[in-house]
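The block underneath contains the structure these notes are about, expressed in structure tokens.
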Amino acid sequence: MYSRLITPERIHHWGDEDLLEATEQDRARIVQAAPVRRLQQKTQVFPLDVKASVRSRLTHSLEVQETGRQISRRILAALPAGLVCERAFINLVEMSCLLHDVGNPPFGHFGEQVMSQWLAQALDGLFAEALGSAPSLQWATLRQDLLVFDGNAQSLRLVHSLHELNLTLGQLASLCKYPQQPLHGGQHHGWASKRGIFFSEQPLYRALGQSLGLAPGCRHPLVYIMEAADDISYCIADLEDAVDRRILSLSELQQALRLADDGAYMAGLLAEATASGRGFFPHFRQQLTRDLVELAAHTYVSEHTQILSGAYPQALLHGQAPAARVLDTLKQVARELVFMRPEVEALELEGYAALRGVLSTYACLLALPAAQFERLLAGQGGSELFFARRLFHRLSARHLKAYRLAVASRDPRFSDGAEQEWYFRVRLLLDYVSGMTDTYALEEFRLLSGI
């Protein structure tokens, strides 16, 4: 089964590589990719933070990568020898962990909410202004696809459609955290609120499923490992950063954890970490991570058959094991004591103003009839386009290339050519804005506002 799920094949053939060499090439392409570098200036919890010890998306992703490696090594030690190429397995897991947040917009999950809110408010009016006609029956599907911006779906679009990394099929599939359909009429935790795969990348995802033998709506098995590694890393790190940033004190955190979970496991964890000469967080993080890694690996191996098929409907860390309950407690305490604090919300409000300001200004490109936007593409434009032309010149050449290819493709899924063009024009703007770092989005807002 693994021989089909982990393969050297790529969408676009590139030389004759064995499996290990192909995954090593994936590593090189990913580590050197610009979207990974941009993570160093994207939010983990605290937007626009200049303190080096506070995690960015890049440092968070590196921690997720290491945790994914630990889980993988435990899994491989428990599986029969020779079942899978171990180094290729670890390569794919590590790189899916490193890439798992590359599609996130400025200001993290808060930025996703801001973009989705703006789309809900602006999309219909811009459609009417640009197309000047009633939407087709198909537009309801396309509209729904555009209304929710999801960083997970954007990650697949970013590495394949925009940056054309041409990764192996298994590497691409291991990024797809939320398949489009619920499993066998059921529902994986959290899938209902996720876009999964954008309409623009659905043909790619179907091709991956057919080549790798994944049924519709089923995950690649390595996605479960990436998800667990992310949960382990961020739940501990967010609270550590909050203490480091003095959002709350260590004693306040310890008291909140005791009140939220009075079980023996939590009590022992807190007592040992408090008494440790290495400091509270190093000991707390190491002990809890070790237990959670063991739990994730145990679940993967014990549910191996269902996970291999991609039909396992839970996360590896679900359930009532003591370490898993502590993880849920950390999430709860972070929501109550960190994310809703005025200091954090003030930073988010700054991000809100910046993102909405940038989107609202660039929206004039979406309001243009197709013929006028075509003039901008051709390097033309009269006096009526004097402002739109200057905005157009700020768009990324890479994003414009993806737009041109998509519009020229005459995709048979689109019943209306004008709607196809406009759908990908909206994607063009979302690609551009979501690719900004926090600092760049703020600078762009200040420039456009004349501040």
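Ion pairing between E345 and R341 fails under the 4.0 Å rule for side-chain N and carboxylate O. Salt bridge status for D101 with R57: present, with a side-chain N to carboxylate O gap under 4.0 Å. A salt bridge is defined here as a Lys NZ or Arg NE, NH1 or NH2 lying under 4.0 Å from an Asp or Glu carboxylate O, and E86 with R73 fails to meet this definition.
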Practice task
Show your working on ring-ring contact (aromatic ring centres under 6.0 Å, His included) between F89 and H220 and close with a plain yes or no.
Solution key: CA-CA 12 Å; F89 185 104; H220 192 283; 9.0 Å; no
Problem - Audit row: D26, N91, side-chain contact (heavy atoms from CB on, under 4.5 Å) steps and yes/no - result: CA-CA 8 Å; D26 280 355; N91 278 343; over 6 Å; no
Exercise for the section: Please lay out, stage by stage, how S415 and Q138 fare under the test side-chain hydrogen bond (donor to acceptor under 3.5 Å, both in side chains). Expected result: CA-CA 7 Å; S415 59; Q138 186 196 26; 3.2 Å; yes
Problem - Derivation of the salt bridge (Lys or Arg N to Asp or Glu O under 4.0 Å) call for K177 and D230 - result: CA-CA 11 Å; K177 193 173 180 180; D230 185 26; 3.7 Å; yes
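Here the OG atom belonging to S200 is positioned 11.5 Å from the CD atom belonging to Q420, to the nearest 0.5 angstrom. Between R10 atom CZ and Q171 atom CD the span is 9.5 Å, to the nearest 0.5 Å. Atom-to-atom distance recorded for L172:CG and L165:CG is 8.5 Å, nearest 0.5 angstrom. Remark: D328 CG to C235 SG distance equals 8.0 Å, nearest 0.5 Å. Taking CD from E21 and CZ from R87, the interatomic distance works out to 10.0 Å, rounded to the nearest 0.5 Å. The SG atom of C85 sits 8.0 Å away from atom CD1 of I6, with the distance rounded to the nearest 0.5 Å.
Geometric assessment of R143 against the ring of F127 yields a negative cation-pi assignment under the 6.0 Å and 45° thresholds. Cation-pi check for R219 over Y224 is met; the charged atom lies under 6.0 angstrom from the ring centroid and within 45 degrees of its normal. In this structure, R427 fails the cation-pi test against Y403, since its NZ or CZ atom is not both closer than 6.0 Å to the six-membered ring centre and inside 45 degrees of the ring normal.
When side chains are defined from C-beta on, F339 counts as touching D238, because their heavy atoms get closer than 4.5 Å. Residues D416 and W422 have side chains not in contact (no heavy-atom distance under 4.5 Å, counting atoms from C-beta outward).
Within a 6.0 Å radius of CD1 in I451, more than 12 heavy atoms belonging to other residues, nucleotides or ligands are found. At most 12 non-hydrogen atoms from other residues, nucleotides or ligands lie less than 6.0 angstrom from CD of E9.
At distances below 3.5 Å, not a single donor-acceptor pair connects side-chain atoms of S449 with backbone N or O atoms of R446. In terms of modelled atom types and a separation under 3.5 Å, the side chain of E112 and the main chain of G151 share a donor-acceptor contact. Looking only at distances, a side-chain donor or acceptor of E419 sits under 3.5 Å from a matching main-chain atom of S136. Of the possible polar contacts, one joining the D438 side chain to the F107 backbone as a donor-acceptor pair under 3.5 Å is found.
Here H163 pairs with nothing under the ring-ring contact (aromatic ring centres under 6.0 Å, His included) rule; sequence neighbours left out.
For the side-chain hydrogen bond (donor to acceptor under 3.5 Å, both in side chains) with E201, the lone residue among H160, R157, Q154 that qualifies is R157. For the side-chain contact (heavy atoms from CB on, under 4.5 Å) with Q70, the qualifying choice from I75, V293, I232, I225 is V293, the only one to do so.
C97 and H100 make their closest contact through O-ND1, 2.6 Å (heavy atoms, listed as atom of the first residue, atom of the second, distance).
Ring geometry for F392 versus F373: interplanar angle over 60°, hence perpendicular rather than tilted (30 to 60°). Note on ring orientation: taking the six-membered ring where Trp is involved, the planes of F414 and Y423 are tilted (angle from 30° to 60°). Ring-plane geometry between H399 and Y432 is classed as perpendicular, the angle between the planes exceeding 60 degrees on a 0 to 90 degree scale with a lower cut at 30.
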